Amino acid sequence: MSTFLQQLVNGLSVGSIYALIALGYTMVYGTLGLINFAHGEVFMIGCYIGLYAAFWLGYETLSAASFSPMSATLVLLLAMAGAAIVGMLIERFAYRPLRGAPRLAPLITAIGVSLLLQNIAVLAFSANPRSFPSIITEHRLEFAGVTITNIKIFIFAVSILLMLALEFFVKKTWTGRAMRAISVNLPAAKLMGVPADRVISLTFAIGSALAAAGGILFGLDQTKLEPLMGNMIGLKAFIAAVLGGIGNIRGAAIGGLLIGIAELMTAGYISSDYRDAITFVILIVILLVRPQGLLGVVRQEKV
Amino acid sequence: MTRFSAARRFLLLSSMSLALVAASGCKPKAGADGEGSGAQSGALVIGAYLSLTGSKADFGIKTQQGALLAIDEANAAGGVGGRPVKLVILDDQGTADEAGNAVTRLIDVENASAILGEVSSSLSLVGGRIAQRRGIPMVSPSSTNTQVTEIGNFVFRTCFIDPFQGEVMATFAKEKQGFTRIAVIKDVRNDYSIGLAKAFIETFTKNGGTIVAEESYNEGDTDFSAQLTKIKALEAQALFVPGYYTEVGNLAKNSRRLGLNIPLLGGDGWESPKLREIGGNDIVGSFYSNHFAPDNANEKSSAFIATYSKRWNEPPTALATLGYDATALIIDAMRRAKGEPTPAAIRDALEATKAFPAVTGAVTFDANRNPVKPAVVLKVTADGDKFVAEIQPAGAAPAAPAAPAAPAAPAAPAAPASGAAAAPAGSGSGAAK
């Protein structure tokens with residue numbers, strides 16, 4: 001039983017990072033109908049920005065216990081801000097010029113941007129893995145045979161907090177309403193005076209900032225960074241978004257957690273060989289059975 | 001413009017090579033042969049393909065440092081029959097595609113008489129097949145998977161093989177540490193990892209130990225909590241992780257975080273300063289087998305350590321030492337080659353190697369072109385990896401010639417054919433992320 005609970009806890013911790021990244025996919029898809037395949041790379045870049053921010057803030061040795069919570073928060077905020085800028089730049093230079101183009105063009109551009117960012121990262125950061133500084137001192141806690149670290153709790157808490165904040169932002173603020181308006185009908189929203197370009201740019205910024213937050217949490221937990229790390233995680237987060245219903249924010253959160261748990265349970269109780277496979281099996285099944293995703297609604301496709 | 005000149009260059013090249021083939025009149029080794037006689041006083045080329053960038057860059061860079069030192073020493077001592085030796089190094093980025101391209105280019109464009117590389121077994125399998133087909137001898141400094149030299153009679157290596165390395169760790173775990181229950185977690189897309197795990201499990205169970213779990217992961221994975229949670233419940237005394245340093249550090253962190261405080265055991269793929277950088281305190285107290293321990297030096301190796309440290313401002317790693325040994329062995333074979341040092345003559349000389357005094361132990365090849373050499377076990381400590389034990393190959397003294405090594409031969413082909421088939425596919429998918 002305690003093993004099962006442990007796997008569940010592990011799954012929730014992996015899943016909440018997927019969820020944070022999935023939010024970015026889902027927001028961009030929701031507003032533009034575009035799958036931003038460069039999102040996994042934004043996650044990676046966020047992670048590296050965090051690494052350099054921590055060093056810049058005076059984090060010297062890799063096991064220093066005296067990094068204040070203030071600085072840790074600052075690392076998180078700097079990474080989020082940096083990634084937001086990267087996201088906006090991607091939107092401005094890669095996607096905006098293609099706004100009127102057929103849907104395939106921006107999709108291929110997205111793959112191109114993803115490869116470009118990966119290779120820039122290899123050049124800039126070297127392909128050798130780096131170690132993420134432990135800006136929060138890790139403590140281990142035990143409850144009923146389940147071991148959990150304060151970092152895992154922190155990951156879960158921050159993810160939930162950010163998701164709630166996003167939900168509030170989209171539902172209750174004027175800009176959120178503008179985002180939803182764009183997602184329903186871009187030309188009509190423009191006619192109603194919504195500054196579409198600015199709102200879309202903001203959507204990318206928010207999605208990217210959340211990915212960077214995921215990156216920092218991931219770095220804290222898993223320690224190792226490398227330029228290609230966004231690849232698989234990005235893909236899984238994308239599947240999480242599809243599972244939850246792409247375009248649906250709550251769906252992305254639930255999809256991320258479900259994928260995380262499914263992965264860990266498969267590895268724990270079936271075989272670790274199928275750990276990655278299960279995610280893709282879920283994708284195929286959901287596309288066959290319920291293509292709109294768990295919480296998605298079927299939209300009439302305009303022809 | 002560029003297109004035109006490229007076309008002209010191609011024409012020129014092809015007509016030149018045609019002329020060379022005609023001149024030498026000997027098909028398979030025509031290119032290198034012609035080059036040799038065409039440029040009598042020119043340098044002899046050893047072509048190296050190594051991962052100088054990519055996630056396993058540490059492997060390639062260290063090997064390169066050792067190889068360059070060997071080249072410098074050889075040239076200072078007059079080269080090969082008065083001709084200098086040149087090392088042409090191509091970066092394969094640690095991917096199978098690039099490794100194949102690099103070897104082809106070394107042979108076709110750089111006219112290499114011999115090939116040095118790779119460190120990773122998966123890549124040596126790719127490069128070795130090309131070298132074999134083209135009739136150019138290849139010496140892998142440090143690929144330990146048995147299949148590498150099974151490619152054919154042109155492929156050699158200067159390190160021990162996985163069945164032995166697995167045996168060493170299994171023996172060490174059982175006899176020296178007294179472990180009876182061990183869990184294994186291997187990289188399922190890596191020939192090296194699979195081979196090592198198999199050898200370890202065989203020896204450990206044969207000696208009466210129990211393998212409580214056999215788990216797997218994929219290169220690039222960062223979360224191992226599912227596998228480790230499972231292992232924790234099975235009360236293993238140690239965890240055998242035959243992987244590369246790129247994942248092991250993280251795996252150690254993951255295990256401590258789950259309250260799994262057992263030592264990790266591994267092989268030579270662990271050797272890198274990155275291991276402790278990523279693993280931090282969590283990897284301290286673990287053991288791994290290796291080819292060479294600087295703090296277990298004899299006379300020959302102390303001299304090498306001194307020269308190497310002077311040249312590169314750091315002590316040699318096992319991979320650097322093997323890179324040095326492999327290069328020195330190739331140069332030695334070039335010198336011993338009968339007549340002109342053609343690829344075929346170098347191959348024959350390599351095969352005839354008798355007790356070549358390498359830094360990591362004397363090299364004499366067995367029937368499968370594998371040297372019979374001892375291994376060392378190192379312990380990871382807070383200030384560097386410390387020598388713990390040296391383990392000799394069973395039954396055979398290092399310098400013993402082919403006869404006692406023969407029993408090792410049947411063990412090698414025992415590696416499953418399915419593994420061989422899986423090799424390119426596995427590494428291919430790794431390359432394609």
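In what follows, chains are A, B, ... by sequence order, proteins preceding strands, each numbered from 1. Because the structure is predicted, anything quoted here is derived from the model rather than measured. Excluded from the calculations below are hydrogen atoms, water molecules and symmetry mates; all remaining heavy atoms, backbone and side chain alike, are included.
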- In sequence, state the C-alpha distance, the side-chain angles, and the governing distance for A:S114 and A:E41, and then conclude on side-chain hydrogen bond (donor to acceptor under 3.5 Å, both in side chains). CA-CA 6 Å; A:S114 155; A:E41 276 56 54; 3.0 Å; yes
- Message: Which one wins on heavy-atom pair count under 4.5 Å against chain B: A:N10, A:L225, A:T223, A:T149?
- Response: A:N10
- Most chain B-contacting option - heavy-atom pairs closer than 4.5 Å, from A:V146, A:I151, A:D221, A:I148: A:D221
- Task: Dump the intermediate steps for side-chain hydrogen bond (donor to acceptor under 3.5 Å, both in side chains) on B:S272 and B:D58, then the final yes or no.
- Result: CA-CA 7 Å; B:S272 165; B:D58 219 51; 2.9 Å; yes
- Message: Can you tell me how the ring of B:F240 sits relative to the ring of B:F200, calling it parallel under 30°, perpendicular over 60° and tilted otherwise?
- Response: parallel
- Query: Going by the angle between their ring planes, with limits at 30° and 60°, are A:F37 and A:Y25 parallel, tilted or perpendicular?
  - Reply: perpendicular
- Message: For B:K56, is there an ion pair with B:E118 - N to carboxylate O distance below 4.0 angstrom?
- Response: no
- Within the distance-only criterion (no hydrogens, no angle test), does the side chain of A:T147 pair as donor or acceptor with the backbone N or O of A:E142 below 3.5 angstrom? no
- Note on the structure: Max heavy-atom pairs within cutoff under 4.5 Å with chain A, candidates B:V188, B:D223, B:L258, goes to B:D223
- Item | side-chain hydrogen bond (donor to acceptor under 3.5 Å, both in side chains) evaluation trace for B:Y308 with B:Q65 | CA-CA 9 Å; B:Y308 183 95; B:Q65 292 183 353; 2.7 Å; yes
- Message: If I measure from the heavy atoms of chain A, does B:K232 come under 4.5 Å with its side chain, its backbone, both, or neither?
- Response: side chain
- Checking heavy atoms, do the side chain of B:Y217, its backbone, both or neither come under 4.5 Å from chain A? neither
Side chain, backbone, both or neither: which part of [X] has an atom under 4.5 Å from a heavy atom of chain B?
| X | result |
| --- | --- |
| A:E263 | neither |
| A:T3 | both |
| A:V14 | side chain |
| A:Q222 | both |

- Derivation of the side-chain hydrogen bond (donor to acceptor under 3.5 Å, both in side chains) call for B:T222 and B:N250: CA-CA 7 Å; B:T222 48; B:N250 226 9; 5.0 Å; no
- Note on the structure: Only residue of B:L239, B:V184, B:V212 satisfying side-chain contact (heavy atoms from CB on, under 4.5 Å) with B:I231 is B:L239
- Query: Are there residues of residues 264-277 of chain A that reach to under 4.5 Å of chain B by heavy atoms, and which ones?
  - Reply: A:L264, A:A267, A:G268, A:I270, A:S272, A:D273, A:R275, A:D276
- Pairwise distance CZ(B:R189) to CG(B:D221) - rounded to 0.5 angstrom: 8.0 Å
